[in-house]
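Below is one structure; the comments refer to it alone.
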Amino acid sequence: MTPQLTTRLPAVGTTVFTRMSQLAAQAGAVNLGQGFPDFGCERSLISAVNDAMLADFNQYPMMSGAPVLRQAIGTKIGALYGHAYNVDSEITVTAGATQALTTAILCCVHPGDEVIVIEPVYDSYVPAITLAGGVPVAVEMEVTATGYAVPWSKVAAAVNRKTRLIIINTPHNPTSTVLRAADLQALSDIVRGTEMLILSDEVYEHMVYEGHRHESVSRYPALAERAFVVSSFGKTYHVTGWKIGYVAAPAALMAEFRKVHQYNVFSVNTPMQHGIASYMADPTPYLDLPAFYQRKRDLFRDGLKKSRFELLPADGTYFQCVRYDKISTQTEAAFAEWLTTEIKVAAIPVSAFYQQGKESGIVRFCFAKQDNTLALALERLATV
């Protein structure tokens with residue numbers, strides 16, 4: 001008989017993304033739920049990885065990442081945000097952004113430490129805090145007709161002597177909110193003179209629209225000196241299945257990060273690191289990404305205007321949140337399931353991003369899809 005096991009994550013089951021994707025497949029629905037593109041990456045990126053394999057970059061790389069890729073990452077951050085990270089001691093390549101986020105939490109959160117998360121919150125944060133023995137403290141974003149915003153006064157009120165870490169996410173999944181300079185200043189005011197750390201999830205850094213700039217924590221020395229900054233090549237280069245990301249942090253923080261990293265994954269896919277490094281020599285793909293996705297966003301938003309959904313602002317990421325109160329009084333989960341099975345378009349209930357499942361009458365669509373995929377989804381949504 002198999003011995004009984006006491007779960008480390010009693011509140012965790014199958015994720016909403018898995019459930020909705022399975023339901024979409026069963027129903028033959030257009031899957032605008034889970035956040036991944038249905039189109040391919042540039043063939044030259046695949047060629048670069050293939051060339052790296054043929055050049056025999058197929059053994060373990062350095063634990064911290066291939067030097068050529070860490071150098072490319074450091075060059076990019078310096079050019080975009082003006083911060084010079086030491087590529088030997090302050091940048092680590094990770095097996096995707098989720099591994100970077102989990103490792104950052106595990107290396108700095110101890111049992112009893114409190115971690116402030118901003119709800120709605122990406123689903124990996126709270127389980128990682130729980131695994132570390134930390135206590136998640138949720139501060140809810142305010143949502144009005146003009147969209148979501150972080151109530152920094154409430155974040156400040158949540159801080160106490162047990163607060164070890166504040167996690168931010170900009171551009172924000174699922175709300176598509178983008179933090180501005182005033183937000184970063186408010187965060188600076190909160191952490192000034194404390195021992196608190198910051199974990200900044202910036203995986204959608206190249207998806208900021210209307211000509212606005214991404215306000216990376218790396219831009220702000222007073223924040224960068226206490227922050228882990230995480231990004232993702234999967235999101236940037238349309239290769240989410242490659243699971244390649246990175247984290248940048250001051251040397252003292254990175255030393256602790258690498259202690260956990262080396263006994264977690266140790267190192268990351270070698271030829272992909274070399275291929276990405278080669279591809280990064282041309283910054284055009286990520287510099288052009290805002291225009292690429294803004295066109296898709298506008299196409300999707302224009303189509304939704306013909307429906308009864310109420311559009312919320314989408315200033316960043318490749319997600320669009322909508323209100324459906326003019327259509328249904330169902331819970332978000334029930335409405336998302338109805339959309340999937342009856343209208344044949346899958347969405348994600350935003351309530352899934354709250355620990356207590358808060359109902360706001362809002363669901364999230366992903367527009368990182370081919371134009372014909374979006375056209376089919378819009379045709380169906382117009383019938384609601």
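The chain is numbered in sequence order, starting from 1.
In this structure, F233 has its ring center under 6.0 Å from that of Y246. Between F353 and F17, the ring centre distance stays below 6.0 Å. For F319 and H172, the ring centers are positioned 6.0 Å apart or more. For F39 and F292, the ring centers sit closer than 6.0 Å to each other.
Below 30°, between 30° and 60°, or above 60°: for Y279 and Y237 the angle between ring planes is above 60°, a perpendicular geometry. Ring planes of F300 and F365: perpendicular class, angle over 60° (limits at 30 and 60°).
D189 and Q185 share a side-chain donor-acceptor pair at under 3.5 Å. In this model, a donor atom of one side chain and an acceptor atom of the other lie less than 3.5 Å apart for E205 and Y81. Donor-acceptor pairing under 3.5 Å is lacking for the side chains of S176 and Y204. Using a 3.5 Å distance cut-off with no hydrogens or angles, the side chains of E42 and S44 do not pair a donor with an acceptor. Judged purely by distance below 3.5 Å, without hydrogens or angles, the side chains of D38 and T373 pair a donor atom with an acceptor atom. In this model, no donor atom of one side chain and acceptor atom of the other lie less than 3.5 Å apart for Y324 and Q330.
In summary, R301 and D298 do not engage in a salt bridge, as defined by a charged side-chain N under 4.0 Å from a carboxylate O.
Residue pairs meeting the salt bridge (Lys or Arg N to Asp or Glu O under 4.0 Å) criterion with at least one member in residues 110-120, sequence neighbours excluded, do not occur. Among residues at least two apart or in separate chains, salt bridge (Lys or Arg N to Asp or Glu O under 4.0 Å) pairs with a member in residues 362-384 are R295-D371, K296-D371.
Open room surrounds CZ on R161; 12 or fewer heavy atoms of other groups in view lie less than 6.0 Å from it.
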